Amino acid sequence: MAPPAQSQKSASPSQPSGKGEVSDVKMQLRQLAGSRSPGTDDAKRELFKKVISYMTIGIDVSSVFSEMVMCSATSDIVLKKMCYLYVGNYAKYNPDLALLTINFLQRDCKDEDPMIRGLALRSLCSLRVANLVEYLVGPLGTGLKDGNSYVRMVAAVGVLKLYHISASTCMDADFPAMLKHLMLNDKDAQVVANCLTSLQEIWGLEASASEEAARERETLLSKPVIYYFLNRIKEFSEWAQCIVLELVAKYVPSDSNEIFDVMNLLEDRLQHANGAVVLATIKMFLQLTLSMTDVHQQVYERIKAPLLTLVSSGSPEQSYAVLSHLHLLVMRAPFIFSSDYKHFYCQYNEPFYVKKLKLEMLTAVANESNTYDIVTELCEYAANVDIPMARESIRAVGKIALQQYDVNAIVDRLLQFLEMEKEHVTAETLVLVKDLLRKYPQWSHDCIAVVGNISSKNVQEPKAKAALIWMLGEYAQDMQDAPYILESLIENWDEEHSAEVRLHLLTAIMKCFLRRPPETQKALGAALAAGLADFHQDVHDRALFYYRLLKYNVTVAERVVDPPKQAVSVFADTQSSEIKDRIFDEFNSLSVVYQKPSYMFTDKEHRGPFAFSEELGNLSIDTELADNVVPAQRVEANDKDLLLSTSEKEDNHGASNNSSAYNAPSYDGSRMVGASQAQQDLVSLDQPPPANVPVSLAIDDLLGLGLPVVPSPAPSPPALKLNAKAVLDPNSFQQKWRQLPLAASQEISMNPQGVSALSSPQVLLRHMQGHSIHCIASGGQAPNFKFFFFAQKEDEPSTYLVECVINSSTCKAQLKIKADDQSTSQAFSALFESALSKFGLP
Amino acid sequence: MLQCIFLLSDSGEVMLEKQLTGHQVDRSICAWFWDQITCQGDSLKLLPVIASPTHYLFQVVREGITFLACTQVEMPPLMAIEFLSRVADVLSDYLGSLNEDLIKDNFVIVYELLDEMIDNGFPLTTEPNILREMIAPPNIVSKVLSVVTGNVSNMNNSLPGATSSCVPWRKTDLKHASNEVYVDLVEEMDAIINRDGALVKCEIYGEVQVNSHLSGLPDLTLSFANPSILNDVRFHPCVRLRPWEANQILSFVPPDGEFKLMSYRVKKLKSTPIYVKPQLSSDSGTCRISVLVGIRNDPGKSIESITVQFRLPPCVLSADLSANHGAVNILADKTCSWSIGRIPKDKAPSMSGTMALETGLERLNVFTSFQVSFRIMGVALSGLQIDKLDLKNLPSRPYKGFRALTRAGEFEVRS
C-alpha cells in the first residue's frame, strides 16, 4: 500500500479528507456548466449543496470558484442563493476570480423579480473586493431608486458596505445625500431604519474629516428629525425601534414640557413584547429625567413592573440580561424596590450566576421592615446542597448584619450556622463573625462562647482559619483555652501552608502574650523561632520585627500590636460610586452585564458609542466633530487587523485554523486587586484605620514608627497659588481623569446673576481663566451645562481636574475634583468655589 | 451590531457560520468558547454574555444547539440575546423542532433565513409570518408539490405583500375556506413553599395565545371580565395600546397563524391547588423520608401529570423509596422522580422510604428542594376570565374557540 495515501487518510479521520471529494465535485461541476438538458438544475443543486456543506464544516473549497461561477447561469432562486453565499465567502481571497461573478450579479440586479434584484444587490455589496467598487456604484444608485421597498432596503445597507470598502467612492457618488432623502421621505419604515443606521455610521466616521458630515450628523439629532422618527415609531419593526430609541436617547430636549411629551409618546413602548425595546425605552426615560429628581423617582416606579415581568418571562439568557440591569437599578435606588424583595428569592433550578445577582439585590433592599423575611430566606440557602450558593448566602446575611438592621436576630442565626457542623458553612461564618465583631464589639460575649467550642481541626480554609486565630488573639482574655489552642497550632507550624494564617498566628500569639504572659510565653518563643526560620519573607519579617520590638520595650510593643481599638463604622465599598455612575450612564450596554464601565474592559479601538473618552469630544463645542473619532479608528483598525490576519492565514494556512489564538484570558488585574485587598485586610485587622487615614499611615502605625495612633489633623496647607499659564492637552487630561481617584465632590449654589450670564458659556470660561482655571471642554444645552476645567500649581507640575455640571434652572453646580496632589484638593476646591461664586458679579 | 453568528452542536462542532460584516471572525473563537464550556462542565452554567480575549460572545442554548454571536463593539446585550432567541424560535418553527440533524439537513434554509433576518449586523425582520412568505418552510406539502410540479424551488416567486402594507405582520389578501380563531389562556404557577407548608411566594405568569385563520383584514376586540387583577402586561406589536389604557380592551388586527397576543403577571396568590408535604428525619446514619401529596384547593377540574422530583443530596449513598401510587425512579444523576399522574379518589398518594447516608454522618445536614409539576386543563388559576371576543370586518361568521390551561412553572417545596 502506498504510504502517501495512508497519511492523507489519517490526517482527518472523522471528516471527509476534502481533497479527493473537492476535485470530484470540481469535475462534475465542469461537466454541468455547459449542459442545458432538463434536470441539470437538480444535479447542480445537489452539487452546490455539497460544496456549501464542505464550506460549512470548514473544508477549503475555494478551488472550485471558477466552476461555481460557470454554473451560476440559472433561473432557480435557491441555486442562485447558494451561489451568492459561496461567492460572498470566497471572493475576498480570489479578487481576480470575483470579477467573473460581477457580470451575472449585475445582470441579476436588473431582473424583473424584486427578490432577485435585492438578493443580487446584497451579494454584490458583500463581495468586499476593493478593486471591484466601480461596478457597485451603478446598481446601488438604481437600487436606491427601485420601485420595490425590498430592494431599497437592501441598497440602503449596501451603501454602508460600500463605504467600508471604499469611503471615497461612496462619498463621491453622493450616496449619503440620497440616503438622507430616502430616510426622510420613504414610506417603508424598514428602508427608513436602514438609512438611519447607515447614515449614523457613515457620518459618524466622516465627521472627523469633513465639517459638512459633522453638521449632517448633528441634524440627525435636531428636533425636526427626532420628531419625525418619534411620530413614525409604531411603523418600525421592533429592532428598528431599538435603533430609533437609541438615537432619541442622545437628543437633549429644550425644556421639561418637551421631556414629558416625549415620555408620554413612548410610554406604551414599555409594554412591548420585545425586551430589547423595553430596555431601550427605559434607558431613554432614565437619561431624560436625570436632572429632575422627583420625576426620576417616578420613572423608577413606572419601570419597575415591566422589568420584573421581563425577568420572570423569557428564557434564562434573557432574564439574565434583564436581571443585570435590574441589579444596577436596585443598587442605585434600593428603597424603591424594598417591597418587591420576594422577586429576588432564588429558585433551586436557577443557574448560579442568576442566584448571585439575586442575592446581591436581596442584600441591597434589606431594611427594617423586610430584614426578618430576607434573612429567613437566606438561611434556607445556607443549608442548601449547592455549596457556592450556601457560601454566598452566608456572606449576604453578614452584609445585612453590617447594614445594622435587626443585628440581634442575625447574630443568633449566624451562631446557629456554626452549630450546623458543615465545613464550608463554619468557614464562611467564622469570617463573618470576625467582621461583625470588628463592627459590634458588644456582641463579643455571645460569639466567643460559641466560637470557643469550634475545634480548630475542623477549620481548614485559610481565610476561616485566619479569622478564628484573630478572634483567639483578640479575645484571649475571654477564652479560657486560647493560649493552648494557639500553642497547638504553633506546634503544627510546618504543616500550615498558608502564609496568611502564619502571619495571623504570630500576631495572635503576641496579643495573647500581652494579656496572659505566663501561659503564653513558651508558645510565643516557639512561634517567634518558627517565624524567624520561615521561608516566607513577610512571615520572617514580622517575626523578626516582633522579636526586636519585644526586646526593645514591651509597653511599646503593646501599643503597636494591641492598642485599644475603635469599632469600624463603615467597611470600604468595593466599587466606587463614580464607577457606578459611569455604568449607569452606559445603561443598556455590555457595561452593565460586566459591571464595569466600558473603558475598563474594551480596548480603545473597540470602544462603542458610549465610551468615556468620547464624552469629552461630545461636550466640546469646538471639536463637536470628534464625537465618533473612536469608532472611526476602530473600524480602520479592524480593517487593518483583517488584512493582516488574512495575509498571515495565507502564509500558514493549515496551522492557523487550529492555532491557539484563544488562550484562556489571564486575569492579572484581579489577582493583584485580591492581593492588595488581602494586605489591607491584614493591616486593618491589627489596626482598623480611621476612615480618612490612608493605609500607609496604618502601616506606619503597625511598624510603630512613633506616629501617634490617631493622626493629628493635617496642618492647614499654605495658600494655594495657581499657574496662570497652565497647559494641558486633551489627551493627557483624559488619561489623568481616568487614572486619578475622586478627591472631592460637592454641590454648590451659584448666584442667579451668574447663571443668567451663562447664556454663552464663553463668558464663564473667560471669567475662570481670570482665576487661572482653564477650560478644556464644555458643552450642553439649557438647563444643563457641563464643563471640564483644569489648573496647575504655580511652582510645581501638579494638576487639578474638575468636572462641573451647572444646572441653570436650579442655580446649582455639581463639582467633581481630581488632583495629582490629594492633600491640597480641599484648598483647591475652596479656591474654585470662590472663583465660581464671583461669576456674574460686577 | 453583531459580527458573526455560529451554530454549534452539543459536541461543540461548528454546524454553521454566518459572517455578517466585513470583519471576518475566525472560527477558532468557537474552540475557545467550547473550552470554557468544558471547564464549566455544563453550557447552562456559563454566563450568556462573556468576553473572550478578542470578542464579546452571546450564547443562547436551545435543545442542545448553541447559538453563538460575536461582536467587538458595545451594543445592547438584550438586543443580541433577544435576536438569538428569535432565530432559535424561527428555526424550530421552520424545521418542526431543533436538533443537529435537522439543521445539517436543512442548512441551506437556515442560511436563507439568516440572510433575511439580519443584514450587516442589524436585525431586519424576525416576524415568522413574513419570513414564511419569503422562504417556504420545508414541509411535506411543498415536497409533494415539488414532486408533482417539478418546481423544486422552496422560494416564493413574489415578495410578501406585507412588507409594504400598513399592518406589517399580516398579508393583505389572506383567504381561508373556514374562518376560525382560537384563544388560549396558558398560565404557569411559580411558587415557593417552605417546610412549614407556608407559601413564601406564589405568582402566575400567563400568556394569551391566539391561533387565527381569518380572511381579509379582520379587526378583533377581546375583553376580560376582571382585567384589574393583572399586575403587568406586555403586548404583541399588533395590539393598539390606547383602547387598553382607556378601557382595558385588547383591540388588534391579528397576524395569521399562531402568536402570543399578550403576556401578564398576577402577583400574590393566596393558595396552590395541591400540597406536597415532605418529612425527613434521620437517625444513626439513615434518613427516613416520606412525602404526602394531596389536593389543597380544588380547582374544579382534574389535576393531571403530577410529578414530584428532587435531587438526592451528595451525602446519600443509596435510597430505597416506594410509593402507594405512581412510579418512583432514581435516575443516574441522583435525581429522584415520582410520577403520580392524577390523584386517585380513594387514597392520598404518599411516597416513603429510607436513604443510607455516608459513613460517619449521623444525620442529614442539607435540605433538598422538591420540584413539583402538574397540569390543569380548562382552568386559569389566576382567575382571569375572557368576557367576549368581537370580530369585525369579516365576510362570514367565524368559529371562535376558547381554552385555558394552568401548569406548574417553578413550583418548589422546601424540606
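Each chain gets a letter, A, B and so on, in the order its sequence line appears, and its residues count up from 1. Keep in mind that this is a model prediction, so the values were computed, not measured.
Under the side chain to side chain contact (heavy atoms under 4.5 Å, CB included) criterion, B:Pro123 pairs with A:Trp239, B:Met79, B:Phe83, sequence neighbours left out. Among residues two or more places apart in sequence or in another chain, the side-chain hydrogen bond (donor to acceptor under 3.5 Å, both in side chains) test is passed with B:Arg414 by A:Glu377.
Ranked by heavy-atom pairs under 4.5 Å with chain B, the first of A:Thr309, A:Asp268, A:Asp373 is A:Thr309. Among the candidates A:His272, A:Glu380, A:Gln271, the residue making the largest number of heavy-atom pairs closer than 4.5 Å to chain B is A:Gln271. When B:Glu116, B:Lys18, B:Glu207 are compared by the number of non-hydrogen pairs under 4.5 Å with chain A, B:Glu116 comes out ahead. Note: A:Leu310 leads A:Val277, A:Thr376, A:Leu310 in heavy-atom pairs under 4.5 Å with chain B. Here A:Leu308 is the residue among A:Val322, A:Leu308, A:Ile243 with the most heavy-atom pairs under 4.5 Å with chain B. Residue with the most contacts toward chain A among B:Arg195, B:Arg242, B:Glu188: B:Arg195 (heavy-atom pairs, distance under 4.5 Å). Note: B:Val233 leads B:Val14, B:Val233, B:Leu16, B:Thr125 in heavy-atom pairs under 4.5 Å with chain A. Of the listed residues B:Thr126, B:Asn231, B:Thr71, the one with more heavy-atom pairs under 4.5 angstrom with chain A than any other is B:Thr126. Here B:Phe235 is the residue among B:Phe58, B:Phe235, B:Phe33 with the most heavy-atom pairs under 4.5 Å with chain A.
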Checking A:Gln318 against B:Leu84 for the side-chain contact (heavy atoms from CB on, under 4.5 Å) test, could you report, in this order, the C-alpha distance in whole Å, the side-chain angles of both residues, the deciding distance, and whether it holds? CA-CA 10 Å; A:Gln318 280 153 304; B:Leu84 289 180; over 6 Å; no
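Applying the 6.0 Å contact sphere to NZ of A:Lys356 captures no more than 12 heavy atoms from other residues, nucleotides or ligands. More than 12 heavy atoms of other shown residues, nucleotides or ligands fall within 6.0 angstrom of atom NZ in B:Lys267.
Side chains of A:Ser237 and B:Leu124 form no contact here, defined as non-hydrogen atoms less than 4.5 Å apart. Between A:Met82 and B:Tyr111 the shortest side-chain heavy-atom distance does not fall below 4.5 Å. Using a 4.5 Å heavy-atom cutoff, the side chains of A:Glu317 and B:Arg62 are in contact. In this structure, the side chains of B:Glu203 and A:Lys342 stay at 4.5 Å or more apart for every pair of heavy atoms. Residues A:Asn274 and B:Arg86 form a side-chain contact, since some pair of their non-hydrogen atoms from C-beta on lies under 4.5 Å apart.
Across B:Ile81 and A:Ala321, no two heavy atoms sit closer than the pair CD1-CB, 3.9 Å. The two residues B:Arg265 and A:Ala305 come nearest to each other via the heavy atoms NH2-O, 3.4 Å. Across all non-hydrogen atoms, the minimal contact from B:Leu241 to A:Arg269 is CD1-NH2, 4.0 Å.
In this structure, chain B has a heavy atom under 4.5 Å from the side chain of A:Tyr381, while its backbone stays farther away. Using a 4.5 Å cut-off between heavy atoms, B:Gln371 touches chain A through its side chain atoms alone. With a 4.5 angstrom heavy-atom cutoff, A:Ala240 does not touch chain B via any of its atoms. In this structure, chain B has a heavy atom under 4.5 Å from the side chain of A:Leu85, while its backbone stays farther away. Contacts of B:Met15 with chain A are made by backbone atoms alone, with heavy-atom separations under 4.5 Å and no side-chain atom involved. For B:Leu312, no part lies near chain A; criterion is any non-hydrogen pair under 4.5 Å. Interface residue B:Val108: only side-chain heavy atoms are found under 4.5 Å from chain A. Neither the backbone nor the side chain of A:Phe352 comes within contact range of chain B, judged by heavy atoms closer than 4.5 Å. Heavy atoms of A:Gln347 lying under 4.5 Å from chain B belong to its backbone as well as its side chain. At a 4.5 Å heavy-atom cutoff, A:Gln241 makes no contact with chain B through either its backbone or its side chain.
Here the straight-line distance linking atom NZ of A:Lys81 with atom CD1 of B:Ile109 works out to 9.0 Å at 0.5 Å rounding. Rounding to the nearest 0.5 Å places CG of B:Leu78 at 10.0 Å from OG of A:Ser319. Taken to the nearest 0.5 Å, the OH atom of A:Tyr345 stands 15.0 Å off from the CG atom of B:Asp190. Between the CG atom in B:Asn120 and the CG atom in A:Asn194 there is a gap of 9.5 Å [rounded to 0.5 Å]. B:Phe122 contributes atom CZ, which lies 11.5 Å from atom SG of A:Cys242 (distance to the nearest 0.5 angstrom).
Looking at B:Asp119 and A:Arg122, a side-chain N of the basic residue comes within less than 4.0 Å of a carboxylate O on the acidic one, giving a salt bridge.
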